[in-house]
Amino acid sequence: MTTPPPSVARPENVTPGLLGIDHVGIAVADLDAAIAFYADAFGMRCVHQETNEEQGVREAMLAVGDGTGPRLQLLAPARPDSAIAKFLDRSGPGLQQLAYTVADVEAAADALRARGMRLLYDTPRRGTAGSRINFVHPKDAGGVLVELVEPVSLPDESS
């Protein structure tokens, strides 16, 4: 059982502004095989694919149900030194992150820093489909890698 995170200071006037769950990230070794598995086993459909060179990943966003809710993100290493490759080496395939939608990733990061939490990046980086992202260190979030996502619209069709 994971130990809950330590209490953090909660400035009254500063909140991270979470709007909802954006996606759940799953680390996989073979992106194409994983897309096929989730389509065949669960009826999910791929609505977006890309390679993010900066993060060193090939990724796909899968729609669940009617497609209006959170997505399932499949993440496969694009190079052996990527964070996803290291995660797979250490933990094997499986749940890698929980991502929340925010209106302003910098404001959310500042609010979390004000609560004593560490973020992985000093400034936001490029995420899926041009979104702006940052991550809360898992040691400050109960062992969970938390992603903050300031999204842009995803296309309804695979690209």
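Count residues from 1 along the sequence.
Put simply, the side chain of Tyr100 reaches to within 4.5 Å of the side chain of Leu18, judged on heavy atoms. You'll find the side chain of Asn52 reaches within 4.5 Å of the side chain of Glu59, heavy atoms only. Residues Arg71 and Val47 are in side-chain contact: their nearest non-hydrogen atoms beyond the backbone lie under 4.5 Å apart. Using a 4.5 Å heavy-atom threshold, the side chains of Leu120 and His137 count as touching. Side-chain contact between Leu74 and Leu62 is present, with heavy atoms from C-beta onward closer than 4.5 Å.
Between Cys46 and Ile35 the shortest heavy-atom distance is CB-CG2, 4.1 Å. Here the closest non-hydrogen pair linking Ala78 and Thr51 is CB-CG2, 4.3 Å. Across all their heavy atoms, Ser82 and Pro77 have their closest contact at OG-CB, 3.6 Å.
Under the ring-ring contact (aromatic ring centres under 6.0 Å, His included) criterion, Tyr38 pairs with Phe42, sequence neighbours left out. Residues meeting the side chain to side chain donor-acceptor pair (under 3.5 Å) test with Asp40, sequence neighbours left out: none. In this view, Asp89 satisfies the salt bridge (charged side-chain N to carboxylate O under 4.0 Å, His left out) rule with no residue, not counting sequence neighbours. Evaluation of the side chain to side chain donor-acceptor pair (under 3.5 Å) rule for Asp30 yields no partner, not counting sequence neighbours.
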Carefully, step by step, assess Thr128 and Met61 under the rule side-chain contact (heavy atoms from CB on, under 4.5 Å).
CA-CA 9 Å; Thr128 303; Met61 293 297 246; 3.9 Å; yes
Checking Lys86 against Asp81 for the salt bridge (Lys or Arg N to Asp or Glu O under 4.0 Å) test, could you report, in this order, the C-alpha distance in whole Å, the side-chain angles of both residues, the deciding distance, and whether it holds?
CA-CA 7 Å; Lys86 291 174 186 171; Asp81 67 338; over 6 Å; no
Going through the distances and angles, do Arg58 and Asp32 end up as a side-chain contact (heavy atoms from CB on, under 4.5 Å)?
CA-CA 10 Å; Arg58 289 186 59 225; Asp32 297 323; 3.4 Å; yes
Might you work through the side-chain contact (heavy atoms from CB on, under 4.5 Å) test for Leu119 and Arg113, ending with a clear yes or no?
CA-CA 7 Å; Leu119 280 91; Arg113 284 187 189 103; 3.6 Å; yes
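Interatomic distance, CZ of Arg125 versus CZ of Phe135, reported as 9.5 Å (0.5 Å rounding). Asn134 contributes atom CG, which lies 9.5 Å from atom CG of Leu112 (distance to the nearest 0.5 angstrom). Separating the CD atom in Glu53 from the CZ atom in Arg79 is a distance of 7.0 Å, to the nearest 0.5 Å.
Applying the under-4.5 Å side-chain rule to Ile, Leu, Val, Met, Phe, Trp and Tyr, the cluster around Leu75 extends to Val57, Ile84, Leu88.
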Can I get a per-line list of side-chain donor-acceptor pairs under 3.5 Å for residues 141-151, giving both atom names and the distance, sequence neighbours left out?
{"from": "Glu147", "atom 1": "OE1", "to": "His23", "atom 2": "NE2", "distance (Å)": "3.1"}
{"from": "Glu150", "atom 1": "OE1", "to": "Val105", "atom 2": "N", "distance (Å)": "2.9"}
{"from": "Glu150", "atom 1": "OE1", "to": "Arg132", "atom 2": "NH1", "distance (Å)": "3.1"}

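Note on Phe87: it does not cluster hydrophobically with Tyr121, by side-chain heavy-atom contacts below 4.5 Å among ILVMFWY residues. In the hydrophobic clustering of this structure, Ile21 groups with Leu95; members are Ile, Leu, Val, Met, Phe, Trp, Tyr whose side-chain heavy atoms approach within less than 4.5 Å, directly or through other members. Following chains of ILVMFWY side-chain contacts shorter than 4.5 Å, one cannot reach Ile133 starting from Val136, and the two form parts of different hydrophobic clusters. Both Leu31 and Val64 belong to a common hydrophobic cluster when Ile, Leu, Val, Met, Phe, Trp and Tyr are linked at side-chain heavy-atom distances under 4.5 angstrom.
The existence of a salt bridge linking Glu50 and Arg126 is confirmed by a sub-4.0 Å separation between a basic side-chain nitrogen and an acidic carboxylate oxygen.
With Asp22 contributing its side chain and Ala99 its backbone, the two residues share no donor-acceptor pair below 3.5 Å.
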